[in-house]
Amino acid sequence: MDDPIKNKIQSTSKETRQDILGRFLTYLCIAFIMIVVLSIFVFVASKGIATFTVNKANFWEFLTGKNWNPTATDASGKPMLGALPMITGSFGVTILAVIFATPFAIGTALYMTEVASKRGEKILQSVVELLVGIPSVVYGFIGLSVVVPLVRNHFGGSGYGILSGSIVLFVMVLPTVTSMTVDSLRAVPRYYKEASLALGATKWQTIYKVLLRSATSGILTAIIFGMARAFGEALAVQMVIGNAALMPKGLLSSASTLTSVLTMGIGNTVMGTVGNNALWSLALILLLMSLIFNIVVRLIGRKGRLD
């Protein structure tokens, strides 16, 4: 005769079945996300590699060449696919924008966490969130209406160039770097600050010697995320940089970025042609740079945990 108590204990309960179902759905979603990411990478890589496997372009010349004209060929009959001007332009506006944004972001974060009152902190937080929500095209129009004439009148040139693009990107990446820096400063244990003040350090000595040094890994992570945000921006930069596929001779000369060339050219080429494959190669570079930025962020985070 079956024991009802034993059968009840050994049977699967409703809660257990719900737990199994929940874990199954979780793993299914994770697998789906991994498949999507892998599919994107494989698709872009297959299209980008076609430039070198089908069109026989030289990979090193592609990275270091200065002439970008996919419809023309050089003396050896190979397409003129020199991506160095776009790579230089992308890194130029990205690095310059982060150099501009970092001091303002750290200063704003310190004011919000250590100086401002609760009301002032809420106001600044609202301003930062508002900057995040502004569309890229609005930043581009502001750049065209304000930044480009300002650069033209005070520094010379046409106003279009790396400097104008960097100023626009500076405003765009500022809220990202600021928000992450605020989170990093708030994550510093309170007793670090209390111990420093108890030993006789002033408020600013505590901020410089204790808070900033303890939050270094988080601040570096914020800077890298800001670089990733700037490196992948397309529309706003395209509107103010000049879009000339030439090696920039200075901050005031017209230039182009990987994203600006992609957005202008991808809709005007036929799939499978040299020009289209070359644009996919630029997209592959962007994808690889995003991967590198993420790896750097993880390495910085791991170093911060070890410290």
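Fair warning: this is a prediction, and the values are worked out from it, not measured in the lab.
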Quick one: does Val274's side chain get under 4.5 Å of Leu81's, heavy atoms only? yes
Using side chain to side chain contact (heavy atoms under 4.5 Å, CB included), reason through Gln238 and Thr259 one step at a time and then give a plain yes or no. CA-CA 8 Å; Gln238 178 186 337; Thr259 51; over 6 Å; no
Of the non-hydrogen atoms in Val240 and Gly165, which two are nearest, and what is the gap between them? CG2-CA, 3.7 Å
Got a list of side-chain donor-acceptor pairs under 3.5 Å for residues 82-106, not counting sequence neighbours?
| unit_1 | atom_1 | unit_2 | atom_2 | d |
| --- | --- | --- | --- | --- |
| Thr88 | OG1 | Leu84 | O | 2.8 |
| Ser90 | OG | Met86 | O | 3.1 |
| Ser90 | OG | Leu258 | N | 2.9 |
| Thr94 | OG1 | Ser90 | O | 2.7 |
| Thr102 | OG1 | Val98 | O | 2.7 |

Quick one: do Leu124 and Phe170 end up in the same hydrophobic cluster if we chain Ile, Leu, Val, Met, Phe, Trp and Tyr together by side-chain heavy atoms under 4.5 Å apart? no
Side-chain heavy atoms of Leu144 within contact of Tyr160, under 4.5 Å: yes
Counting C-beta onward and ignoring hydrogens, is there a side-chain heavy-atom pair between Val188 and Lys193 closer than 4.5 Å? no
Rounded to the nearest 0.5 Å, how far apart are OG1 of Thr51 and CG of Asn58? 12.5 Å
Cluster check Met264, Leu282: I/L/V/M/F/W/Y, side chain < 4.5 angstrom: no
Would a single hydrophobic cluster contain both Leu163 and Ile142, if residues Ile, Leu, Val, Met, Phe, Trp and Tyr are joined by side-chain heavy-atom contacts under 4.5 Å? yes
Do Phe62 and Ile285 have side chains that get closer than 4.5 Å, going by heavy atoms? yes
May I ask you to check whether Trp60 and Phe52 place their ring centers less than 6.0 Å from one another? no
Give the C-alpha distance, both sets of side-chain angles, the deciding distance and a yes or no for side chain to side chain contact (heavy atoms under 4.5 Å, CB included) between Leu110 and Leu185. CA-CA 8 Å; Leu110 286 174; Leu185 291 173; 3.7 Å; yes
Shortest non-hydrogen contact from Thr113 to Ala109? OG1-O, 2.8 Å
Can you check whether Val261 reaches Trp68 side chain to side chain, under 4.5 Å on heavy atoms? yes
Which heavy-atom pair separates Met180 from Ala222 by the least distance, and what is that distance? CB-CB, 3.5 Å
Under the salt bridge (charged side-chain N to carboxylate O under 4.0 Å, His left out) definition, can you give me all pairs with a residue in residues 194-214, not counting sequence neighbours? Arg190-Glu194
Can you confirm whether Ser260 sits close enough to Val237 that some side-chain heavy atom of one is under 4.5 Å from a side-chain heavy atom of the other? no
What distance do Ile162 atom CD1 and Thr257 atom OG1 have between them, rounded to the nearest 0.5 Å? 10.0 Å
Nearest-0.5 Å distance, OG of residue Ser117 to CE of residue Met112: 11.5 Å
Do Phe225 and Arg229 come within less than 4.5 Å of each other through their side chains, counting heavy atoms only? no
Single-linkage hydrophobic cluster Phe43~Val54, side-chain heavy atoms < 4.5 angstrom: no
Under the side-chain contact (heavy atoms from CB on, under 4.5 Å) test, which residues partner Val147, sequence neighbours left out? Val151, Ser164, Ile167, Val168
Is a donor on one side and an acceptor on the other found under 3.5 Å between the side chain of Ser46 and the backbone of Val42? yes
Do you know the tightest heavy-atom contact between Pro79 and Pro70? CB-O, 4.2 Å
Above 12 or not: heavy atoms from other molecules or residues under 6.0 Å from CZ of Phe293? yes
Side-chain contact test, heavy atoms from C-beta onward, threshold under 4.5 Å: evaluate it for Pro248 versus Ser253 and give yes or no. yes
Exactly one of Leu286, Leu284, Ile49 should register a side-chain contact (heavy atoms from CB on, under 4.5 Å) with Val44. Which one does? Leu284
Any idea which heavy atoms bring Leu252 and Gly156 closest together, and the distance? CD1-O, 4.1 Å
Spacing of OG1 belonging to Thr53 relative to CG belonging to Asn277, to within rounding of 0.5 Å: 8.0 Å
Just distance, no hydrogens or angles: give the donor-acceptor pairs under 3.5 Å from side chains in residues 127-138, sequence neighbours left out.
| unit_1 | atom_1 | unit_2 | atom_2 | d |
| --- | --- | --- | --- | --- |
| Glu129 | OE2 | Gln125 | NE2 | 3.4 |
| Ser136 | OG | Glu233 | OE1 | 3.4 |
| Ser136 | OG | Glu233 | OE2 | 3.3 |

What pair of heavy atoms forms the shortest contact from Ser254 to Ser158, and how long is it? OG-OG, 4.0 Å
Value rounded to 0.5 Å, distance of CG in Leu287 from CD1 in Ile292: 10.0 Å
Following the transitive rule for hydrophobic clusters with a side-chain heavy-atom cut-off under 4.5 Å over Ile, Leu, Val, Met, Phe, Trp and Tyr, establish whether Val173 and Ile219 coincide in one cluster. no
Tell me, please, which residues at least two apart from Asp19 pass salt bridge (charged side-chain N to carboxylate O under 4.0 Å, His left out). Arg23
Using atom types as modelled, flag every donor-acceptor pair under 3.5 Å from a side chain in residues 32-41 to any protein atom, sequence neighbours excluded.
| unit_1 | atom_1 | unit_2 | atom_2 | d |
| --- | --- | --- | --- | --- |
| Ser39 | OG | Ile35 | O | 2.6 |

